[in-house]
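Here the structure is laid out as structure tokens; the discussion comes afterwards.
Quick note: residue numbers are just sequence positions, from 1.
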Amino acid sequence: MSILGVLGKLRMKLLAPVNRKVDLLGEELAAARQESTNELRLLENQISNARQHFEILETSSTNRLMRIQESLGRIEARGTASDGSGALADYEFRVFSQWGEDGIIQHLLKCVEIERKIFVEFGVSDYLESNTRFLLVNNNWTGLVMDASEECIAQVRQSAISWQHTLFAVPAFVTRDNINELITARGISGEIGLLSIDIDGNDYWIWEAIDAISPVIVVIEYNHRFGRDRAVTIPYDEKFRRGEKYPLIYFGASLAALCRLAARKGYALVGCNSNGLNAFFVRSDHKPDSLEELNAAEGYVEGKFTESRDEEGNFTSVSPVEETRVLFSLPLVDVTKVG
């Protein structure tokens, strides 16, 4: 072999590792370019999705704002055109509430004089749906909310609403023995604007125990399945959890029972929402003549929603007659015979 041939082979042998390294670097560069392209495409998709989501939120917020403005306008018009009387359900609109309580509360604020714009609500879950959130956002009230779920309360504390407004969020399983201390521990006592109770259980007994505050308005859930006449509640059980031991429809108290308790505490029933869920009471010394006081039979609204479930946890349709039969076969307290 010639010297040139030998030198050529030697050159190839010496350059082989370099060439391989260059090839590897080329492959890595190509892979990096592809990865960058994929990441760029992913980022572009994320931006596009975020933009679409923002547009949906913007549209939803705009529509919600328009509904609020229209509803507040109707309330304003009613207040101008009449004395503000009529069924509370006529004033319903829903922003954060479940069944139109936002509108009813706004109407009551126009009828009832309230000095201390403070609320207390317990049984709020993650507070995305509640009776007082609109008071916080629209009317700039101060409030205390409580729920037994620490996870839900953590979500409330981490949300923007906690720093945008004066809101105390407390994880607590409310009982009649701790409720007053839970309230006063946050510096709340005496007269306040509104109390909302919705714990699907010992509602009657908790309201009866509250004496640290004197709310002008009380919103409290009643169990429409007990009917308009019987003044009954479930027996007090500190550890009661709805659906744990008894059927899901077994909880709370009848409207008649709550009306009797309200009278003892100095409150008048002024109506219920149209879905037969919440009753609204105004302290008698603050109730204007424009708000008619109703008895339980007059104010009662039968609920149209179903909450019965089968053994697998699926919602099932059960007749009101069957629900009544089941409820009155379980332990109940006739409040006309106690207190």
Side-chain angles (χ1 to χ4, degrees), residues 88 96-97 101-102 104-124 127 130-148 153 156-157 161-162 164-199 202-222 236 253 258-271 278-291 293 339:
L88 289 190
F96 301 113
S97 60
E101 291 84 355
D102 289 329
I104 292 176
I105 292 172
Q106 290 298 310
H107 167 62
L108 292 178
L109 295 187
K110 290 186 174 294
C111 299
V112 181
E113 184 177 347
I114 293 177
E115 294 184 6
R116 299 188 71 207
K117 295 174 173 54
I118 300 172
F119 64 78
V120 172
E121 180 174 13
F122 42 95
V124 299
Y127 201 52
S130 68
N131 290 334
T132 60
R133 189 180 179 107
F134 192 60
L135 276 177
L136 192 72
V137 173
N138 183 69
N139 303 96
N140 201 30
W141 280 34
T142 296
L144 164 65
V145 296
M146 293 181 280
D147 194 86
I153 292 299
V156 178
R157 289 176 171 176
I161 199 169
S162 289
Q164 291 173 342
H165 302 275
T166 305
L167 178 69
F168 303 100
V170 177
F173 188 87
V174 174
T175 71
R176 63 183 180 186
D177 295 319
N178 69 11
I179 182 59
N180 288 298
E181 183 179 354
L182 286 170
I183 294 172
T184 57
R186 274 71 201 175
I188 300 174
S189 63
E191 181 172 303
I192 67 168
L194 184 140
L195 168 67
S196 180
I197 303 174
D198 179 6
I199 55 175
N202 294 312
D203 304 58
Y204 175 95
W205 304 107
I206 301 300
W207 187 20
E208 181 185 52
I210 292 175
D211 56 21
I213 53 174
S214 180
V216 176
I217 299 170
V218 174
V219 185
I220 184 168
E221 183 177 1
Y222 68 97
Y236 181 73
L258 294 173
C259 283
R260 291 182 68 90
L261 174 59
R264 280 170 42 203
K265 295 175 77 72
Y267 288 83
L269 174 69
V270 295
N278 281 316
F280 294 80
F281 296 89
V282 174
R283 215 170 72 203
S284 298
D285 61 347
H286 278 63
K287 188 188 78 64
D289 293 337
S290 61
L291 290 175
E293 181 175 358

Asn202 side-chain N/O to Tyr236 backbone N/O, donor-acceptor pair under 3.5 Å: no
Side chain to side chain contact (heavy atoms under 4.5 Å, CB included) between Val120 and Ile210, intermediate numbers included: CA-CA 11 Å; Val120 172; Ile210 292 175; over 6 Å; no
Taking atom CG of Asp285 as the centre, report whether more than 12 heavy atoms of other residues, nucleotides or ligands fall under 6.0 Å from it. yes
Is a donor on one side and an acceptor on the other found under 3.5 Å between the side chain of Asp147 and the backbone of Ile153? no
Tell me, please, which residues at least two apart from Trp207 pass ring pair (Phe, Tyr, Trp, His ring centres under 6.0 Å). Tyr267, Phe281
Residues in side chain to side chain contact (heavy atoms under 4.5 Å, CB included) contact with Arg260, at least two apart in sequence or another chain: Ala231, Val335, Thr336
Mind checking what makes side-chain hydrogen bond (donor to acceptor under 3.5 Å, both in side chains) contact with Asn131, not counting sequence neighbours? Ser196
Is the backbone of Ser189 close enough, under 3.5 Å, to the side chain of Thr184 for a donor and an acceptor to pair up by distance? no
Under 3.5 Å donor-acceptor, Asp203 side chain and Ile199 backbone: yes
Working for side chain to side chain contact (heavy atoms under 4.5 Å, CB included), residues Phe280 and Ile105: CA-CA 9 Å; Phe280 294 80; Ile105 292 172; 4.1 Å; yes
Tell me, with the steps shown, if Asn139 and Lys117 meet side chain to side chain contact (heavy atoms under 4.5 Å, CB included). CA-CA 9 Å; Asn139 303 96; Lys117 295 174 173 54; over 6 Å; no
According to salt bridge (Lys or Arg N to Asp or Glu O under 4.0 Å), does anything in residues 175-193 pair up with another residue at least two apart or in another chain? List the pairs. Glu191-Arg283
Taking side-chain hydrogen bond (donor to acceptor under 3.5 Å, both in side chains) as the test, write out the residues that go with Ser130, two or more places apart. none
Please identify each residue that fulfils ring pair (Phe, Tyr, Trp, His ring centres under 6.0 Å) with Phe119, with sequence neighbours left out. none
Has the side chain of Thr132 got a donor or acceptor atom that lies under 3.5 Å from a matching backbone atom of Leu135? no
Give a yes or no on whether the backbone of Phe96 and the side-chain of Asp102 come within a donor-acceptor separation of less than 3.5 Å. yes
Apply side chain to side chain contact (heavy atoms under 4.5 Å, CB included) to Asp211 and Asn180, showing your working. CA-CA 7 Å; Asp211 56 21; Asn180 288 298; 3.3 Å; yes
NZ/NE/NH1/NH2 to OD/OE distance under 4.0 Å, Arg133 and Glu121: no
Donor-acceptor pair, His286 side chain versus Val216 backbone, under 3.5 Å? no
